[in-house]
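Residue numbers start from 1 in every chain, and the chains themselves are labelled A, B, ... in the order their sequence lines are given, proteins ahead of strands.
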Amino acid sequence: MTEPTQSDDDTAAIPTLNEQVTDVDLERFNRLPVNPAANIRAPASGPDLERRIKAVVDAELRNAVEYIKTSIVAEVKDAMQKQNPPPTDAAMMATANESSEQVAETVQPPEPLPKAYEPAGLETRWYQTWQSAGYFAPGGAGEPYAIALPPPNVTGSLHMGHAFQDTLMDALIRFQRMDGRNTLWQTGTDHAGIATQMVVERNLALKGIKREELGREKFEQAVWEWKAESGGTITGQLRRMGASMDWSRERFTLDDGLSRAVRDVFVQLYHEGLIYRGQRLVNWDPVLGTAISDIEVESQEEQGHMWHFRYPLADGSGEVVVATTRPETMLGDTAVAVHPEDPRYQRVIGKQVRLPLCDRLIPVIADDYVDPEFGSGCVKITPAHDFNDYEVGQRHDLPMINIFTKEARISDNAPAAYRGMDRYDARKRVVADLQEQGFLVRIDDHKLMVPRCERSQAVVEPFLTDQWYVKIAPLAEPAIHAVETGRIRFVPDNWSKTYYEWMRNIQDWCISRQLWWGHRIPAWYDAAGQVYVGVDEDDARARGGVADDVVLTRDPDVLDTWFSSALWPFSTLGWPEQTPELRTFYPTSVLVTGFDIIFFWVARMIMMGLKFAGDVPFREVYIHGLVRDAEGQKMSKSRGNVLDPLDLIDGIDLESLVRKRTSNLMRPEDAPRIEAATRRQFPDGIPPFGTDALRFTFAALATQGRDIKFDLGRIDGYRNFCNKLWNATRFVLLMTESNADQSRQGEAALGLPERWIRTRLQRVITIVRDNFEAYRFDLAAQTLYEFVWDDFCDWYLELAKVDLNDRQRNPSLQRGTRRTLLEVLESALRLLHPIMPFITEETWQRVAPVAGRSGPTIMLQPYPVADETLIDANAEAALQWVQQAILGIRRIRSEMNIEPKRQITALFSGGDERERAWLHANDRYLKSLGRLETLEPVSADAAPESATALAGNTTFLIPLADLIDPVAELKRLDKELERLRGEHKRIDGKLGNESFVAKAPAEVVRKERDKLVEIETALARLEQQRARIEQLT
RNA sequence: AGGCGCGUAGCUCAGAUGGUUAGAGCGCUACCUUGACAUGGUAGAGGUCGUUGGUUCGAUUCCAAUCGCGCCUACCA
């Protein structure tokens, strides 16, 4: 229930399980100890030990099977590549309860790093390893950091919204875990009342069994059986995403512990007068036979009609005309309303009209709910079947006539002629009768919003029933206060407005549902209908002083699923017991969720947390956007545009994708359209991108406050990024592994590129940390991307090659280069790990030992911390100058069409002392990366005709000789001159403006002046150069 | 109707307490199988930052209006 309403197909497919995991003891499973590994080693004896071990093994076994289910494709693929048999269930289970030390040994990856980056195999392998080793469980003495997973529906399967959300949470958890915090990611699933009941009912229907025939108890049992067998689809898929959740603490909202919390909360609220039973209008689904929540109602515009009828005044003095979209409800009319100031109707206010077909007299009342501009300005009022009319009825103390049964047939409260008719048959009949009796004025076409139940698609009926309610105002007030005072912070902040808006208009919460699957309401009735509430029947009797011989019957209703969800942050931690976990991890650190459930879930958690757990449930709420398709459409089964995250990870061929998208459609007639669109958009199916690429894409797209359009181009680019990282690692290992000793020991000196890349690293560390803290996953991802690709690969590796290939190079400098390659890469892997856990683990395992780091996993390594002392601003300035020089030379080469291989001669002139020193120290980089045969000084006057490039105050010259085309060079110079002249004009104008000089900050003015001088120098040189070249043409 | 958000390169998106040559990826053009990577390299083209006003020495950035788009809440019986 508490998941983003990303797609409407979560009940469409009913997975079946082939593996023989029957008879899972759920009771035991749900009471798992905190850390299974610790538990096995803990001294215990006899049957207790046996029982506990069995519980752990059961759970792990279950996990393993689910995991294999979701990753089997990847495993097989990988196995085939390696010519190895795929791992068997038995093998997976065997590792499931080994201690971490043993596991660490068995997973030493094969040497050397394979040439190609193949995500599928390594991803499944590493997840299994981490889980078996117990790395996901809380640990360490650090400050607690906890996130409660919005529990996905147990019937659900992973969609893009989950995948996105889980990526962000996992990134946060992994970051904080590495940074030394004692992290708990609380996982579990939601029992999802209606959704689950429907799935199981559908299954039973296939066997020809009806729920009613089975009886309540057996039906509930059938649901539990279904859950044991098929309820774990989504948790297996979460593993494929790399989610580092603590599976040993997995909870289900119908667990014993959570159910106890629900009962305690209900009973306390009831006895405090905050839960009451009352007759109100609710959204009623006549097909499912239950009240449903607002979130389960979907209103859609449909074509309908507006019927106009005349109601005669009882005194014979005329008539009024009313209009309605629902003629059948006129049988329940108890008034006609007009606007109090409407001059047309002043004379009829207070009179009676005779209601046709019913032969009742009803009053004409005045209420400013009526819009005099609309229709006739006269409205029929049916308080029992319309939310607005209900309000009007309350204000005017009108009787409420319920003309429907629970099946939406006409009830005995209506005239005999209509009783028992379906609401739509009754509509036809009422219209026909009115027409026959001359009351019908006209029928117009009219578009109206029709409310439907999102599960059953039945038209929802506002219906008067007895339901249980939570009196919400007393709970809402402190919840508003908590956000106002900053005890809870919304990120981005503007969502707090939405929150206030809702909380200030909040209505009492209808918490009863007429279902069988859920938390049964702990209320009992005696023969007289007197209600007794307690945590169980005995308690209810005791509290109500009911004698033992009085027969009590229990309320048949269950609670709204959101009632238990509202307790999730503390019920999962053991509340009402004051457990160590509750003390440690409550309040949780952050809630990560979609905006669509702020009302239904976030607000209610805040209210319940404050009331029962004594504090806010979380300090921050990070609200992310919805994942949409490439066109910005919401993904849904009926639109046929759903992307399955697992298909992006493992790939899918076109035919399978088409089959998947067109099967089990609500409207089969959509199939051809969906198929055509799918074939057009994915002519070759979807290639496998791997989990890391998908995760990186989600992170990069997670900008603040906007929905994300999922663009395949992005994931493609980030798959390439993974490949880049993979190959950079291969290169670094190639350069260092055989020299491991040399890399690690002995004196090392750092050259300019080394000092520069290390400086860059420190800056990146700071930026990435800040961005994680601020939930700017996109900026963190971008920073890392640029650092790895641009700084490390494009520049540093190329510079390092120059030195590593130079046999004359001072050994200590060579060591410095090797160490820098290793250390910077190793740090980068740790920086990237929260976003891309798998590839970084795989590569880190090879890099870390050579880099002199040790540990069983990158997961538990410290997150890099910036070392300010390593920041070398001079190195940054120097390398920037070197880059400028190289770029200038390359540009000439490219624009002059000089063959890339050809070595050319180059000269330089000018430049201040500092630049001369830089040049002197770094000319081998210029020569190598600029492909220069020679690089010699020359005086400005003695220089031959050349193409020129500027770096700072130094001019680099490529003599024209036979290889440069003067015309091309003139073109190039003109372009550059044009740019500089434009810039000069702009700045000159600015500085010529007296008020700018007078009013702008001195700093800004000085900067502009400096720039002008620079440009003028450059212009002078280029103009001179241009004159010389022109003479040649 | 009320509330929120968005309009920046062909596409998907960053951006700044107002001063930068307005950035990235994909796509596009040219050249390159150089021993980490063609899932690559080098160089390049491409933007009057929706429109109009205002504030300011200076606005793509702040304000107002306007156009277009999206979402949420409430809906006209």
Side-chain angles (χ1 to χ4, degrees), chain A residues 113 115-117 294 299 306-307 322-326 329 337 369-371 373-382 386-389 446 448-449 492 494-495 497-498 501-502 505 595-596 598-599 625-626 628 630 632 634 687 689 693 697 700-701 703-714 716-735 776 778-779 782 785-786 789-790 793-794 797-798 801 805 887 890-895 897-901 929 931 979-980 982-983 986 990 993-1001 1003-1005 1007-1008 1011:
Chain A
L113 206 56
K115 187 162 196 279
Y117 166 60
D294 290 346
S299 286
M306 179 86 83
W307 286 268
V322 297
T324 181
T325 55
R326 301 207 51 198
T329 62
Y369 151 70
V370 180
D371 176 5
E373 306 293 317
F374 187 86
S376 63
C378 185
V379 189
K380 64 190 266 311
I381 300 295
T382 321
D386 180 281
F387 287 100
N388 286 309
D389 291 5
H446 182 73
L448 71 162
M449 298 296 277
N494 56 297
W495 287 110
K497 286 186 206 159
T498 309
E501 186 70 16
W502 155 257
N505 297 309
F595 56 83
D596 47 345
I598 291 180
F599 301 164
L626 223 58
R628 299 172 174 280
K634 211 165 165 174
F689 292 109
T697 308
L701 292 175
T703 58
Q704 295 232 297
R706 80 154 92 188
D707 288 352
I708 63 178
K709 289 192 206 174
F710 196 85
D711 178 10
L712 275 187
R714 290 294 284 261
D716 200 51
Y718 294 127
R719 192 260 328 268
N720 295 353
F721 176 63
C722 291
N723 188 58
K724 190 77 181 173
L725 181 64
W726 183 265
N727 282 294
T729 304
R730 286 181 57 229
F731 174 74
V732 170
L733 291 174
L734 195 72
M735 291 296 123
R776 290 308 304 265
D778 57 330
L779 299 181
Q782 193 190 335
Y785 183 97
E786 287 168 0
W789 203 307
D790 301 344
C793 293
D794 285 350
L797 292 190
E798 296 306 320
K801 281 177 189 172
N805 290 336
L887 290 172
R890 280 179 181 167
R891 198 171 166 190
I892 291 172
R893 296 188 59 116
S894 172
E895 291 184 8
N897 289 321
I898 299 170
E899 284 174 68
K901 269 189 229 166
L929 301 192
R931 297 226 146 222
R979 188 184 70 82
L980 286 172
E983 192 65 359
R986 195 177 62 84
K990 215 179 210 183
N993 182 340
E994 271 175 44
S995 41
F996 170 73
V997 180
K999 293 185 183 174
E1003 173 72 9
V1004 173
V1005 177
K1007 246 169 78 183
E1008 295 293 322
K1011 223 186 293 173

Mind calculating the distance between CG (A:Asp790) and C1' (B:G25) to the nearest angstrom? 11 Å
Nucleotide B:A74, atom P - distance to OH of A:Tyr369 in whole Å: 14 Å
C1' gap between B:G46 and B:U8, integer Å: 14 Å
Starting the side chain at C-beta, find the nucleotide from B:G19, B:A14, B:A36 nearest to A:Val1004. B:G19
Counting side-chain heavy atoms from CB outward, which of B:A77, B:A14, B:C75 is closest to A:Gln782? B:A14
Expressed in whole Å, how much space separates the C1' atoms belonging to B:G50 and B:C6? 11 Å
If I pick the C1' atom on B:U51 and the same atom on B:G7, what distance separates them, to the nearest angstrom? 11 Å
Would you compute the distance between atom CD1 of A:Ile708 and atom CZ of A:Arg628 and round it to the nearest 0.5 angstrom? 10.5 Å
Looking at A:Arg931, is its backbone amide N or carbonyl O close enough to the side chain of A:Arg893 to form a donor-acceptor pair, meaning the two atoms are under 3.5 Å apart? yes
Could you check which of B:G19, B:A77, B:U21 has an atom nearest any side-chain atom of A:Phe996? B:G19
Distance check needed: B:G70 P versus A:Lys709 NZ, whole Å only. 11 Å
Please work out if A:Glu798 contacts a base, only the sugar-phosphate, or nothing of the nucleic acid, heavy-atom cut-off 4.0 Å. base
How far does the P atom of B:C49 sit from the matching atom of B:G35, given to the nearest Å? 45 Å
If you only use heavy atoms from C-beta on, which nucleotide in B:U12, B:G35, B:G25 is closest to the side chain of A:Asn805? B:G35
Sugar-phosphate, base or nothing in reach of A:Asn388, heavy atoms under 4.0 Å: sugar-phosphate
For A:Arg893, report the nucleic acid contact type (base, sugar-phosphate, nothing); a contact means any heavy atom under 4.0 Å. nothing
Checking base pairs now: Watson-Crick or wobble, both atom distances under 3.5 Å. What partners B:G5? B:C69
A:Lys999 has its side chain closest, among B:A24, B:A77, B:C57, to B:C57
Between A:Thr697 and A:Phe721, is there a side-chain heavy-atom distance shorter than 4.5 Å? no
Under 4.0 Å between a side-chain N/O of A:Lys901 and OP1 or OP2 of B:C32, yes or no? no
Same-atom distance (P) from B:U42 to B:C26, integer angstrom: 12 Å
Looking at A:Lys801, does any N or O in its side chain come under 4.0 Å of the phosphate oxygens OP1/OP2 on B:A36? yes
A:Thr498 near the nucleic acid: base, sugar-phosphate alone, or nothing, with a heavy-atom cut-off under 4.0 Å? nothing
Can you check the A:Ile381 CD1 to B:A77 P distance for me, whole Å? 13 Å
Would you indicate whether the side-chain heavy atoms of A:Asp386 and A:Thr329 approach each other to under 4.5 Å? no
Of A:Pro1001 and A:Arg730, the one whose closest nucleotide on RNA chain B sits nearer the 5' end is A:Pro1001
Need to verify one output field. Residue with the more 5' nearest nucleotide on RNA chain B, A:Thr729 or A:Ala700? A:Ala700
Taking pairing as Watson-Crick or G-U wobble with both contacts under 3.5 Å, can you name the mate of B:U12, or confirm there isn't one? B:A24
Walk me through it: do A:Phe689 and A:Tyr718 pass the test side chain to side chain contact (heavy atoms under 4.5 Å, CB included)? CA-CA 9 Å; A:Phe689 292 109; A:Tyr718 294 127; over 6 Å; no
Separation of B:C11 atom C1' from A:Asp716 atom CG, nearest Å, is 14 Å
Classify every nucleotide of nucleotides 39-49 of chain B by which part a protein heavy atom approaches to under 4.0 Å, writing B for the base, S for the sugar-phosphate alone and - for neither, in 5'-to-3' order. BSSSSSS----
Does A:Asn805 reach the main-chain N or O of A:Lys801 with its side chain, forming a donor-acceptor pair under 3.5 Å? yes
Starting from the C-alpha separation in whole Å, work towards a yes-or-no answer on side chain to side chain contact (heavy atoms under 4.5 Å, CB included) for A:Val732 and A:Leu797. CA-CA 9 Å; A:Val732 170; A:Leu797 292 190; 4.3 Å; yes
Separation of the C1' atoms in B:C63 and B:A59, to the nearest angstrom: 11 Å
The side chain of A:Arg628 is closest to which nucleotide in this list: B:A14, B:U21, B:C71? B:C71
Give A:Leu779 one of three labels, base, sugar-phosphate or nothing, depending on what nucleic acid heavy atoms sit under 4.0 Å from its own. sugar-phosphate
Expressed in angstrom and rounded to an integer, what is the separation of A:Arg986 atom CZ from B:U60 atom C1'? 14 Å
Just so I know, are the side chains of A:Arg890 and A:Leu929 near enough to count as touching, which here means a heavy-atom distance under 4.5 Å? yes
Whole-Å distance, A:Glu501 CD to B:C4 P, equals 8 Å
Classify the ring geometry between A:Tyr117 and A:Trp726 as parallel (under 30°), tilted (30 to 60°) or perpendicular (over 60°). tilted
Once you round it to whole Å, what is the distance between P of B:C31 and CD of A:Glu899? 13 Å
Looking at B:G15, I'd like to know if its phosphate oxygens (OP1 or OP2) sit under 4.0 Å from a side-chain N or O belonging to A:Arg776. yes
Could you give the distance separating B:G18 and B:C13 at their C1' atoms, to the nearest angstrom? 23 Å
Going by heavy atoms in the side chains, are A:Lys990 and A:Arg986 under 4.5 Å from each other? yes
What nucleic acid atoms does A:Glu983 come within less than 4.0 Å of, heavy atoms only: base, sugar-phosphate, or nothing? sugar-phosphate
Considering only B:C76, B:G19, B:A14, which nucleotide approaches the side chain of A:Asp778 most closely? B:A14
Say we look at B:C28 and B:A45: how far apart would their C1' atoms be, to the nearest angstrom? 8 Å
As its Watson-Crick or G-U partner within any shown strand, both distances under 3.5 Å, B:A77 has none
Could you please name the partner base of B:G18, counting Watson-Crick and G-U wobble pairs only when both distances are under 3.5 Å? none
Any base atoms under 4.0 Å from A:Lys1007, or only sugar-phosphate, or nothing? Heavy atoms, all strands. nothing
A:Asp778 meets the side-chain hydrogen bond (donor to acceptor under 3.5 Å, both in side chains) criterion, sequence neighbours left out, with A:Arg776
Side chain of A:Lys1011, heavy atoms from C-beta onward: which of B:U20, B:A24, B:C57 has the nearest atom to it? B:U20
Paired nucleotide for B:G35 [Watson-Crick or G-U wobble; both distances under 3.5 Å]: none
